[in-house]
Each structure stands twice: as structure tokens, then as C-alpha cells.
Amino acid sequence: MTTESLTYVRPKLGLGSAAIDEQEEQAAVATLRSRNLFRYYGDNPDQPPHRVSELEKTAAAWIGTDYVLAVSSGTAALETALAAISVGPGDEVIVPAWSWLSCVTTIVRMGARPVLAEINDSLNLDPNEIERLTTPRTRAVLVVHYQGVAADMAPIIKSAHRRGLFVIEDCAESPATHYHGRPVGTWGDVAIYSFQHNKPMSAGEGGMLVTRDIRTYERAVRMHDLGQYRPYHAAITPGQEPAFSGANYRMSELTAAIALVQLGKVEGIKAHCRKIQQQVFDLIGELPGLTWRTIADPEGDFGFEIYFYLDDAELVEPFRAALDAREVNCLPRTGTYPQYHRENILTARAHHPAASPFRDMKPWPAPGYRAEDFPVTEDLTRRFIALPIGWKYTLDDATHIAESLIAVHAELIC
Ligand SMILES: Cc1ncc(COP(=O)(O)O)c(C=O)c1O
């Protein structure tokens, strides 16, 4: 270890939450002073000058879509999206095995069966899996844009739409991320975002759903507000759909006030992360025995996490330990791991035995829900190392990361 690394102080992690300053404070205080934290009440309920409405309008213009609905979390947005496109009992939804917990729990809560798919070396859904896994019961493909990198949307959309499947884009980890010049969230039929604490834009909790389809919008509004369709939404597009029993996933004014400020910061956070990332890449060049994550459109990458694979999975832990000893953040922290290892899949349980979409699949775990069914996902996810980049990182940190990577590579690989 060098003397420099003994004195080096590792930077603090964090994206949107690390960028919170007096702007969010002022927005929160102003909203509190309005004495109205509920989006649908106010002096003029037909034209509410409310934060939630403003967040929806601002986000729609920023993403370049028609309808945005703010909700209480990214998970609520996923459930609302599934309900909006009428996913229910007997249906199947294709979802990458390597994805966040709620990508599966929300499908199960709708009574539908999540069908797990392999990823490829982009750590996103392998587009070829749609053909392999589609059955007469498949309704939708849930695409996750994992950690700031867009999935390969052109072949995904082509394959899914040719088979009559809806495409749901999960942009929770990838706002402001692009694919061939267009933001994620504009490629599929409906998309979701999250404002959870670890995300590039954060209000602690919160989410949004975006779509271009009027019917999906109306059903989403009804799902998130107990089946109701209030005058505010009817003024945007008149209600055509019958009411149904929905949930309460409404966003509060206070959340929206903070989310709005963060929406205004996210492009700056992206530019910062990309600058740091580029410096790391420029200083490293190529290192034998180390392969970068495949990125379908590198220009659209948010740039907040650098991924590389080692050829030898046995070297991953020593490599991480050596980087960590040099004060480089590199320990797994996404909370993502293969769905077939998670407790709720191992038990196959829903909140009630009759509600489990796996109840007739005996013995359990059935094919398609066992580690041995996912050789590619198993291999890739055992061999990667991730280097997070945050809002507090400096170009000196980028230099330290690159020098540490070169030194550890020389020690352990060649
Ligand atoms: C890919 C993905 N989807 C959905 C969610 C759910 O978002 P939330 O935590 O806001 O419910 C998250 C984040 O936590 C996520 O990373």
C-alpha cells in the first residue's frame, strides 16, 4: 500500500440525497407554510397550483411524454403500471432474474406469475429471452434499466410487440438515462421512476408512472386513488373507464416539493458522474483479464457506477478487499441479487396461499426458479466488481480510483 493511500479519505457515497441543500429546505418549508399537504385540496380544486401537479407537468416535459402520474413509491408505481395494463391472475410477466425485489413482488401481488429471464453482460435483460419464455399466458415484459444503463430497447421492443406483449420500463435506477438519443421511459408502453433515498433523484420515498396511452393513464389514476377519477384528471382527459377497487398510492405535497427540486438537479448530477467516470476510464486504459460491462449506448449512460468483470470468480473477493483497503468504495451495495435466491421466491408464498401464482407448481422450486436454470446470470453476477461514483466525488477521487485499480490489478492479475 502506498503512503498516499494511508492518508486518503474515501469520498461519501450518494446521488440525489447527497445533493440536498437549502433549495429542498426552502421548498419543504414553503409547502408546509401552505398548510395543505394533500394534492387534491386547496383554494381552487379544479385548477390546483399544487406541487404534485407541477411535478407531473415538469416531468412530462423533461421526459418527453404525454402523461405522468406521481405516486408514493417506485414499488407503488410498478403495481399501478401492472394494474393499469390489466395484469392479473393467470397472466405471466417476463422479468430479469437479476432485478430489485419489487420487480417480482408487485407481479405476485397482482396474482400474476413472474417468469424469470437471463441477463446478458450488460447486466440487463437479454432480448433473446423474450422469444424463449413467451407462452400464450404472457402479458408483459418488465425491463429494468439497471444502475444508470439502458437495456437494449430496440430488439426488446421489436420482439415484445411482435408477440403482442406490453413493455413496462423500470427506470427507478436510471432517470436521465438515454438509449440512442431518446430517454428511457419513452420506449415502452408504460414506465416507472423512483425517488427513494439511494436514487439519482431523491425525496426519501416517492415514484412516478409515465405513459403516452390515455387508457393506461386513466386506469393508473384509478388504481392509485381507490378507483376514483377526480375532476383534476378528468380535465386532462375525460374518464372513459369504469371504476374498480384500487389502492391509495397518492403522493403528498411535501414529497413532491422536494422531488421537484431534485428533478431540476438530476441532469447536473449525471454530468458530474460522467465526468468522474470518464477520468477513471482515461487513466486506466485497457487492463488484461478485466472486461467492462457492455453498454448498448455508452453516450446515454448516467455514469454513476463502473462495472467490470474478472475472468476468475475466485479473484473477486480478494480484488474487492484490496480495493477497499485502499479506501475505494467497491463493496456490493445495490441490494440487487438474483430473485431465485430471495426468501419470498424460496417460500413461493404470497400474503395468502390461494393468492400465490406458484401454488400449483410442485415440487418447488420448479424449473425456472432454481439457480441452475440461470447459468449466465449466475456466472456474470459472481464475476463483477462495481465502483460507485457519487455527487461528492472529485477528480482527485477519480485519479485515486484509477491508480488503485491499476495497482490491485498488477498485484493480483499480472
Ligand atoms: C429497479 C427498481 N425498481 C423498483 C424500485 C422500487 O422503488 P421504491 O424503493 O421507490 O419502491 C427500485 C428501488 O428501490 C429499483 O431499484
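When a ligand or atom number is given, it counts from 1 through the structure's own listing order.
R274 places a side-chain N or O within 3.5 Å of a backbone atom of D301 that can act as its donor or acceptor partner. Panel note: side chain Q262, backbone G16; a donor-acceptor pair is recorded below 3.5 Å.
Atoms of ligand 1 lying under 4.0 Å from any heavy atom of S73, numbered from 1 in the order shown and given with element: 10 (O), 11 (O). Interface atoms of ligand 1 facing A172, defined by a heavy-atom separation under 4.0 Å, are 2 (C), 3 (N), 4 (C), 5 (C), 12 (C), 15 (C). Against a heavy-atom cut-off of under 4.0 Å, S194 is close to the following atoms of ligand 1: 7 (O), 8 (P), 10 (O). In the vicinity of D170, heavy-atom distances shorter than 4.0 Å reach the ligand 1 atoms 1 (C), 2 (C), 3 (N), 4 (C). Of all atoms in ligand 1, numbered sequentially from 1 with element shown, those under 4.0 Å from a heavy atom of Q196 are 9 (O), 10 (O). Ligand 1 places these atoms under 4.0 Å from at least one heavy atom of V144: 1 (C).
At a 3.5 angstrom cut-off on N or O pairs, S102 does not count as close to ligand 1. When only interatomic distances are considered, the shortest N/O to N/O separation between K199 and ligand 1 falls below 3.5 Å.
In this structure, Y193 has its ring center at least 6.0 angstrom away from the ring center of H145. Here the two rings, on Y393 and F304, have centers that are 6.0 Å apart or farther.
Note that R342 lies in the cation-pi zone of Y337, set by a 6.0 Å cut-off to the ring centre and a 45° limit from the axis. Relative to the ring axis of F38, R250 does not place its NZ or CZ within 45° and under 6.0 Å from the centre.
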Where do W292 and Y307 land on the ring-ring contact (aromatic ring centres under 6.0 Å, His included) test, with the steps shown first?
CA-CA 6 Å; W292 304 112; Y307 280 79; over 10 Å; no
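From S174, atom OG reaches atom OH of Y146 across 10.0 Å, with rounding to the nearest 0.5 Å.
Among protein heavy atoms, atom 8 (P) of ligand 1 sits closest to G74 N, 3.4 Å. Ranking the protein heavy atoms by distance from atom 16 (O) of ligand 1 puts E173 OE2, 2.6 Å first. Closest protein heavy atom to atom 5 (C) of ligand 1: W100 CD1, 3.2 Å.
Under 4.0 Å from ligand 1, heavy atoms of T75 appear from its side chain as well as its backbone.
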